[in-house]
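Scroll down for the structure; my scribbles are underneath it.
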Amino acid sequence: MTTPIERVSLPLTSPLLIAALLFSTSACSNPATVNTSNNVPEQKESQTSKADMRTSDAQVSADKPEFTTKAVATFDEPWAMTALPSTDGKAPKLLVTQKTGELFIVDTATGSKTQVAGIPKVAYGGQGGLGDIILAPDFATSNAVYISYVEAGKGGDSNKFGAKVIKATLAGLGTNATTLQAITPIWEQSPKVTGQGHYSHRLLFSPDGQYLYISSGERQKKEPAQNMSMNLGKIIRLYADGSVPKDNPFVNDSNDIASQFWTRGNRNVLGIRFDESGRLWANEMGPKGGDEFNLIEKGKNYGWPIVSNGRNYSGTPIPDHDTRPEFEMPKITWTPVISPSSLSLYTAGSHNDFPALQGDFLISGLSSKALIVVSVDEDDSATERYRYDMGERVRSVLAVDGQVWVLEDGDGGRLLRLLPK
């Protein structure tokens with residue numbers, strides 16, 4: 001087993017050994033142990049492909065990129081980050097959210113942080129608070145961003161919660177007095193329910209900028225994932241203004257909620273990203289075992305809570321995906337869990353720090369304290385390619401302009417740049 005790195009800059013080089021196939025603690029918990037299982041599924045023989053070329057330990061050792069880490073800034077319970085446009089290969093400025101309700105602009109060249117004013121009141125607690133942030137497709141001219149956060153119900157429903165998505169403008173960008181203005185509601189989870197888990201609320205625009213995808217967790221209630229009258233446990237597809245595209249798979253004039261759905265049967269999707277071919281992929285936290293990496297396709301049902309490759313927290317079994325062929329099978333499952341918390345795609349830009357990772361996905365891991373690299377092939381197969389022991393729970397990973405940035409989880413979580421070695 002690889003010894004976890006200390007909180008200093010060290011090269012990460014050694015592949016991890018496969019651990020015993022025992023179920024780990026909940027993917028949503030904060031376990032102290034590090035998950036070291038690679039759990040690489042067997043690949044069927046076929047023509048030479050990226051996945052086939054990476055199945056042996058010898059091959060992995062030969063081309064696994066090495067890196068050191070450079071700490072840039074620290075945060076308290078950071079959750080998401082995105083990069084502002086940069087030119088001429090200059091160090092990017094990142095927008096970083098904290099669950100407690102703060103948004104910062106970070107100058108990665110200096111580590112300085114500028115807090116953005118005007119953030120709506122968030123319901124902080126459990127897994128809830130300020131969530132994701134992405135740039136609007138027309139950001140260059142509008143300075144508009146999309147933000148997700150958790151809000152509480154009103155009056156007698158003040159003990160119920162749900163995710164909300166807004167559009168807003170970053171006024172005063174480039175000054176020390178940036179403010180969120182012109183806030184416009186786009187979407188919200190319905191209904192609000194008790195509990196403070198499984199909001200998901202990841203945001204992503206399609207490559208053409210036309211469609212907004214939102215992951216909506218089932219809020220640890222299970223059944224809503226299959227309920228067509230609730231938008232919990234679904235992946236949502238909307239236009240940028242929040243309206244519903246007429247070609248959504250469940251468009252129904254008498255059911256506005258179902259008209260939002262792109263997929264259903266999802267549990268807790270914390271990473272969504274398009275690959276270079278325009279396919280949409282997502283990682284999803286399983287229960288006790290059974291974390292998933294899925295190809296997200298129009299109208300598909302991913303089976304939760306009817307099927308899962310994990311078990312209930314009580315230990316009672318759940319039928320596996322292969323027992324119910326009407327549900328979409330994951331391309332990868334992990335048991336023990338990796339607790340996937342975000343998803344990014346590595347592509348070269350004005351930098352190309354890790355050319356061997358071109359077109360690969362990067363997954364941040366919480367309980368696994370790992371950075372996981374996943375490769376996908378033209379035949380829609382996927383495999384875990386590499387795993388790096390980061391020594392700390394990793395909340396978010398962002399590949400931008402050929403560089404890789406990582407956010408550690410929790411109080412004092414560091415923003416790290418990965419430097420090729």
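Quick note: numbers below take in every heavy atom, side chains included, and nothing from hydrogens, waters or symmetry partners. All of these numbers come straight from a predicted model, not from anything done at the bench.
With sequence neighbours excluded, the residues forming a side-chain hydrogen bond (donor to acceptor under 3.5 Å, both in side chains) with Thr263 are Asn266, listed by chain and number. The salt bridge (Lys or Arg N to Asp or Glu O under 4.0 Å) test applied to Asp353 returns Arg417, not counting sequence neighbours. Residues satisfying the salt bridge (Lys or Arg N to Asp or Glu O under 4.0 Å) test with Lys167, not counting sequence neighbours, are none. Glu297 is linked by a salt bridge (Lys or Arg N to Asp or Glu O under 4.0 Å) to Lys300, counting only residues two or more places apart in sequence or in another chain. Residues satisfying the ring-ring contact (aromatic ring centres under 6.0 Å, His included) criterion with Phe327, sequence neighbours excluded, are absent altogether. The side-chain hydrogen bond (donor to acceptor under 3.5 Å, both in side chains) check on Asn252 picks up Ser254, with sequence neighbours excluded. Asp241 pairs by the salt bridge (Lys or Arg N to Asp or Glu O under 4.0 Å) definition with nothing, not counting sequence neighbours. Checked against ring-ring contact (aromatic ring centres under 6.0 Å, His included), Tyr146 has the following partners two or more places apart in sequence or in another chain: Phe205. Asp380 is linked by a side-chain hydrogen bond (donor to acceptor under 3.5 Å, both in side chains) to Arg279, counting only residues two or more places apart in sequence or in another chain. For Asp157, the side-chain contact (heavy atoms from CB on, under 4.5 Å) test picks out Lys160, with sequence neighbours left out. Looking at residues two or more places apart in sequence or on another chain, you find no side-chain hydrogen bond (donor to acceptor under 3.5 Å, both in side chains) involving Thr184. Applying the ring-ring contact (aromatic ring centres under 6.0 Å, His included) test to Trp79 and every residue at least two apart in sequence or in another chain returns His201.
To the nearest 0.5 Å, the span separating CE on Met329 from CZ on Arg324 amounts to 13.5 Å. Ile363 contributes atom CD1, which lies 11.5 Å from atom CG of Leu270 (distance to the nearest 0.5 angstrom). Summarising the geometry, atom CG belonging to Leu398 is positioned 12.0 Å from atom OH belonging to Tyr346; distances are rounded to the nearest 0.5 Å. Distance check, rounded to the nearest 0.5 Å: CZ of Arg202 to CD1 of Ile214 gives 13.5 Å. Put simply, CG on Leu280 and CZ on Phe274 are 4.5 Å apart, with the number rounded to the nearest 0.5 Å. The distance from the OG1 atom of Thr383 to the CG atom of Asp360 is 10.5 Å, given to the nearest 0.5 Å.
Side-chain atoms of Ser190 and Asn231 include no donor-acceptor pair closer than 3.5 Å. Of the N and O atoms on the side chains of Ser364 and Ser396, not one donor lies less than 3.5 Å from an acceptor on the other residue. Between the side chains of Ser314 and Lys288, no donor-acceptor pair of N or O atoms lies under 3.5 Å. Counted by atom type alone, Glu384 and Trp334 present one or more donor-acceptor pairs between their side chains at under 3.5 Å. Donor-acceptor pairing under 3.5 Å is recorded for the side chains of Gln226 and Asn301. Checking Lys222 against Asn312 by side-chain atom types alone, a donor-acceptor pair falls below 3.5 Å. Using modelled atom types, one finds no donor on one side chain facing an acceptor on the other under 3.5 Å when comparing Thr100 with Glu77. For the residue pair Asp379 and Ser381, a side-chain donor N or O sits within less than 3.5 Å of a side-chain acceptor on the partner.
Looking only at distances, no side-chain donor or acceptor of Gln260 sits under 3.5 Å from a matching main-chain atom of Ile236. Proximity of a side-chain donor or acceptor of Lys164 to a complementary backbone N or O of Val122 within less than 3.5 Å is not detected. In this structure, the side chain of Thr97 engages the main chain of Ala80 through a donor-acceptor pair within 3.5 Å. Put simply, the side chain of Asp409 never gets that close to the backbone of Val394: no donor and acceptor are under 3.5 Å apart. Judged by distance alone, the side chain of Ser341 and the main-chain N or O of Leu366 form no donor-acceptor pair under 3.5 Å. Side chain of Asp76 to backbone of Gly412: a donor-acceptor contact under 3.5 angstrom is found. Arg219 places a side-chain N or O within donor-acceptor distance of the main-chain N or O of Phe161, the cut-off being under 3.5 Å. With Tyr199 contributing its side chain and Val150 its backbone, the two residues share no donor-acceptor pair below 3.5 Å. Using a distance-only test at 3.5 Å, with no hydrogens or angles considered, no donor-acceptor pair links the side chain of His351 to the main chain of Val404. The closest donor-acceptor contact from the side chain of Thr82 to the backbone of Ile134 lies at 3.5 Å or more, if one exists at all.
Side-chain contact between Glu218 and Arg267: present, with at least one pair of heavy atoms (C-beta onward) separated by less than 4.5 Å. Residues Leu204 and Arg273 have side chains in contact (heavy-atom distance under 4.5 Å, counting atoms from C-beta outward). Using a 4.5 Å cut-off on side-chain heavy atoms (C-beta onward), Val72 and Trp405 make contact. In this structure the side chain of Val374 never reaches within 4.5 angstrom of the side chain of Leu343, judged on heavy atoms. The shortest distance between side-chain heavy atoms of Asn283 and Asp291 does not fall below 4.5 Å. Contact check for Leu345 versus Leu362: no side-chain heavy atoms found under the 4.5 Å cut-off. When side chains are defined from C-beta on, Lys221 does not count as touching Met230, because their heavy atoms never get closer than 4.5 Å.
Annotation for Ile318 and Pro287: closest pair CD1-CG, 4.2 Å, computed over non-hydrogen atoms. For the residue pair Asp389 and Lys369, the shortest heavy atom distance occurs at OD1-O, 3.6 Å.
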List the steps and the verdict of side-chain contact (heavy atoms from CB on, under 4.5 Å) for Asn255 and Phe250. CA-CA 9 Å; Asn255 189 343; Phe250 305 105; over 6 Å; no
CA sep, side-chain torsions, deciding dist, call: Asn248, Ser259, side-chain hydrogen bond (donor to acceptor under 3.5 Å, both in side chains): CA-CA 7 Å; Asn248 274 5; Ser259 297; over 6 Å; no
Decide side-chain contact (heavy atoms from CB on, under 4.5 Å) for Glu328 and Tyr302; before the verdict, give the C-alpha distance in whole Å, the side-chain angles of both, and the deciding distance to 0.1 Å. CA-CA 5 Å; Glu328 194 68 11; Tyr302 291 80; 3.4 Å; yes
Step by step, would you call Thr108 with Leu94 a side-chain contact (heavy atoms from CB on, under 4.5 Å)? CA-CA 7 Å; Thr108 61; Leu94 304 182; 3.8 Å; yes
From CA spacing to verdict: side-chain contact (heavy atoms from CB on, under 4.5 Å), Phe75, Lys113: CA-CA 10 Å; Phe75 299 88; Lys113 301 187 298 185; 3.4 Å; yes
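For the side chain to side chain donor-acceptor pair (under 3.5 Å) with Glu151, the lone residue among Lys192, Gln189, Lys121 that qualifies is Lys192.
Note on ring orientation: taking the six-membered ring where Trp is involved, the planes of Tyr213 and Trp262 are perpendicular (angle over 60°, cut-offs 30° and 60°).
Ionic pairing of Asp247 and Arg237 is present here: one or more N-O contacts between side-chain nitrogen and carboxylate oxygen are shorter than 4.0 angstrom.
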